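Below: the structure, in structure tokens.
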Amino acid sequence: MKFNVFEILKKKLKKSISYIKKHPFKSIFYLIALVICSAILLITLTYTGVFGKLPTKDFLLQLKTPLTSTLYSSNKEQIGFYYLQNRSNIDSTEIPKALKDALIATEDNRFYEHNGVDYKSYGRVFIKSVILRQNAGGGSTLTQQVAKNTFGRKNHFLFSTPINKIKEIFIARKLEKIYTKDEILLLYLNTVTFGENIYGIEKAAFRFFNKPPAKLTIAECATLVGLLKAPTFYNPRRNPERATKRRNVVLQQMIKYNYLSIDEQQKAQTPLKLNYQEPKKLSSLNSYFKEYINTEFNTWAKENPAKDGHIYNLETDGLKIYSTLNSSVQKSSEKAMLRQMINLQKLMDLHWEALSTEGGKEALLKKLLHQTNSVKKWKSEGKSDVEIDRLSSEKKQRKHFTLPSGNDQKLQSLKDSIATAINRLHTGLLTINSQNGRILGYVAGIDYGMSQKDNILEKKQVGSTFKPITYLAALEKGKNPCDFYDNNLRTYKDYENWQPRNSSGKYGGSYSMYGALANSVNTISVRIQMEVGIEPVQKLAEKMGITATLPKVPSIVLGTGTISLLDMVTAYASISNGGKRIKPYAIERIEDDKGNILYQAKPTYSNRVASEQNVKKLQQMMESVLTEGTASRIQNYAIPFNLIGKTGTTQNNGDGWFIACSPEIVVGSWVGTFDKRAQFKSTNMGSGANTALPMVASVFKDLSFWNKTMLTNFEYEKTYFDCPPFLEMNSVDAVEYIKTDSTFINQQKIKDSIFENSKIMKDSILENQ
């Protein structure tokens, strides 16, 4: 016999309904008993702490509102705040009588009579709201609201509201036994929200009237109290008419409960007059760094609890966080980012394409257009394709984001608005000290309000910026910068007939290893990768600080793996500093609200990633990228130091990269779209040399002109390699050529002579100093 649970339930339901019809009074009695027992059980479970422990009397005796934590740059400049609510505290002497009267008359007229819970008010709410189906408002007292404001409400699924209400009743009763009525009133005014992310009467008084609470007029007190019912709806700046009507209701309540005379009411009912103060605006770009600090802090806090056992909290403990961020580097980075991204976006708007979409840009836009709610609505109304095309081409004011102003309105069609949404360029720009790991500059997006995605931590395909890792692995295996390789198009049958191509489309001749890196030659880079092996490269990448799981394929050298900008800059730091693995960090010191030092950073170093000799060779190879290779346009910036680096551009120009180093500093940048169906139509526009390089170069140029610059030069045994980067001959003939060709040998002798003379002059200058 087949078991059917629905049939059984159906029978039981019919049986229950039949019983209720036969015994209505008995059924009602059982229902009431069930409700009462359930309520008693819920109250008991809440009181015993099943749904979270209630605060103890000792804790309530030391009750204080959360304190704001402050984030500082390395030069002790305030760059951000962490708070549960943006509040400040005042004492009882600063509260005007009119404010107390308005609050009690409007929010809790029996405040001085009840013991924390107003049972009459609950009775009114039950009769009017439940029985008569009228909106009677809430029944919570000011004391219960203090409990809610201070301890918040938690989600308990189906029973969240009753459990939180019961908790607030218990806390309110305790508060009434510990504090006087005026102290509770003060707690309320210091914790209640007035909208606009401000908490507490002092913040509200200064925001809307630019004066301390003690100097508020009766009308101003009534306006702020009226705001409490619905802070957004009755906001006096945004909705002055609503705020005025609500203020007048508060004044009427004050007359009703004898707190105000009719004459005082009439004088107070003047036109609303604000002295609104805009909140101090900190750079939205700092918000990315704030979030990074928050993550680093939480990791530390979990491992280092306070003496009393609690986990430190940035939003409540009033800590001082001294970061590694250098204000000058950060400002330089922000300026470089804004200038470059404004110019790039203009170029992108004119020259974008959908190279990976069949049919290109028009096909992609058409597809996206028909996915919009507007087109779906027009179709449901029976409009023809011609009508839909006309409607979607009509221009009107639409929301549009531009740098540096942010969201604005722009006259554009629906089709245009879709295009600007998918071809939006984003970026990340990171600067670290490669000697110790201090993060000096952190710009992880174009605008935090527009996108909270951290492009320094997000993983992207890295393109040719990965190549130096493979080349270092090759040097470690005994390869030489002057080893020559044929620049031939090869097919790798073991990898599905994969045929790696050069972005230049040029083949033939041969490149020395350093020449192949300088010019980012894919055919030769893959050949080197095949000779070195995938596993040694993966292990080296891990030693250098790359935490991402890399693909076990030879295309790893072309940057097909997805890696964060933070990891790539960390890896380059070990090349910059001569082979030491460093760990980037952002928190220098943490102090509590009394100034006690809770944490002091100590740079950490791991084992060497490679021999100093081979790292030095790689440095010189990477310098050639900037002097004669893919990043040679950096020479236009006239930076008076010999930097090293590497560009990177992924398939269809989806991502542009550039990372450059001095012996002390690494600066890296990524530029690209989030929607990889949209990209620059040509590599000339979308390459890392064109998109990412200018930002990195600008930061280094600013650093080089500091009065006391932190930059120095890379120094080598020779300022050149004993081979040319490229020869119009095969690799075997190329090796023979550099050994036997008299012209080439004489050129090398001249270089040796120049180098030796410059070295003698330098040593002479040092001796005479």
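Note that the structure is a prediction, hence the values are computed from the model and not measured. All heavy atoms count here, side chains included; hydrogens, waters and symmetry mates do not.
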Quick one: are [X] and [Y] in side-chain contact, heavy atoms under 4.5 Å?
X    : Y    : value
L319 : D593 : no
L227 : R246 : no
M710 : W706 : yes
R173 : N115 : yes
L274 : R237 : yes
I456 : Y288 : no
Y82  : T68  : no
Q452 : Y448 : yes

Can N109 and Q253 be said to form a side chain to side chain contact (heavy atoms under 4.5 Å, CB included), step by step? CA-CA 9 Å; N109 63 80; Q253 287 292 104; 5.9 Å; no
Nearest atoms (heavy-atom pairs only) where [X] meets [Y]:
X    : Y    : result
S669 : L565 : N-CD1, 3.9 Å
I582 : G437 : CD1-CA, 3.8 Å
V696 : G668 : CG2-C, 4.1 Å
S327 : E77  : OG-OE1, 3.3 Å
L71  : S323 : CD1-CB, 4.0 Å
P213 : E202 : CG-CA, 3.8 Å

Can you name the side chain to side chain contact (heavy atoms under 4.5 Å, CB included) partners of [X], sequence neighbours left out?
X    : value
T547 : D567
S332 : V699, D702
F674 : H426, S451, K453, N455, K460, W670
D447 : S284, F401, M450

Does [X] reach the main-chain N or O of [Y] with its side chain, forming a donor-acceptor pair under 3.5 Å?
X    : Y    : result
W300 : T295 : no
E113 : R110 : no
N210 : N275 : no
D675 : I422 : no
K290 : F81  : yes
K676 : T673 : yes

Once rounded to the nearest 0.5 Å, what's the spacing between atom [atom1] of [X] and atom [atom2] of [Y]?
X    : Y    : atom1 : atom2 : value
N304 : Y599 : CG    : OH    : 9.0 Å
L325 : N286 : CG    : CG    : 7.0 Å
T431 : I439 : OG1   : CD1   : 10.0 Å
E176 : T143 : CD    : OG1   : 4.0 Å
I184 : L189 : CD1   : CG    : 12.5 Å
K580 : N436 : NZ    : CG    : 9.0 Å

Check this for me: does any side-chain nitrogen of one of D592 and K320 sit under 4.0 Å from a carboxylate oxygen of the other? no
Is K215 salt-bridged to E220, cutoff N-O under 4.0 Å? no
List the residues meeting ring-ring contact (aromatic ring centres under 6.0 Å, His included) with [X], not counting sequence neighbours, and say none if there are none.
X    : answer
Y572 : none
Y188 : none
Y112 : none
F208 : Y276

As a quick check of understanding, evaluate side chain to side chain contact (heavy atoms under 4.5 Å, CB included) for M568 and I546, giving each step before the final call. CA-CA 7 Å; M568 288 303 297; I546 290 176; 4.0 Å; yes
F111 six-ring centre to K181 NZ/CZ under 6.0 Å and within 45° of normal: yes
Using the salt bridge (charged side-chain N to carboxylate O under 4.0 Å, His left out) criterion, which residues pair with E591? Sequence neighbours excluded. R589
Which residues pass the salt bridge (charged side-chain N to carboxylate O under 4.0 Å, His left out) test with R438, not counting sequence neighbours? E588
Residues that Q330 engages under side-chain hydrogen bond (donor to acceptor under 3.5 Å, both in side chains), provided they are two or more places apart: E334
Does N235 have any side-chain hydrogen bond (donor to acceptor under 3.5 Å, both in side chains) partners at least two apart in sequence or in another chain, and if so, which? E196
Heavy-atom count check: over 12 atoms from other residues, nucleotides or ligands less than 6.0 Å from E296 CD? yes
Report, as yes or no, whether the 6.0 Å neighbourhood of atom CD on E241 holds more than 12 heavy atoms from other residues, nucleotides or ligands. no
Measure up the Y72 and Y322 rings against each other and bin them: parallel (under 30°), tilted (30 to 60°), perpendicular (over 60°). parallel
Could you walk me through whether I665 and L703 satisfy the side chain to side chain contact (heavy atoms under 4.5 Å, CB included) test, starting with their C-alpha distance in whole Å, then the side-chain angles of each, then the deciding distance to 0.1 Å, before giving a yes or no? CA-CA 10 Å; I665 302 295; L703 283 170; 4.1 Å; yes
Are Y292 and Y442 near enough that their ring centres are under 6.0 Å apart? yes
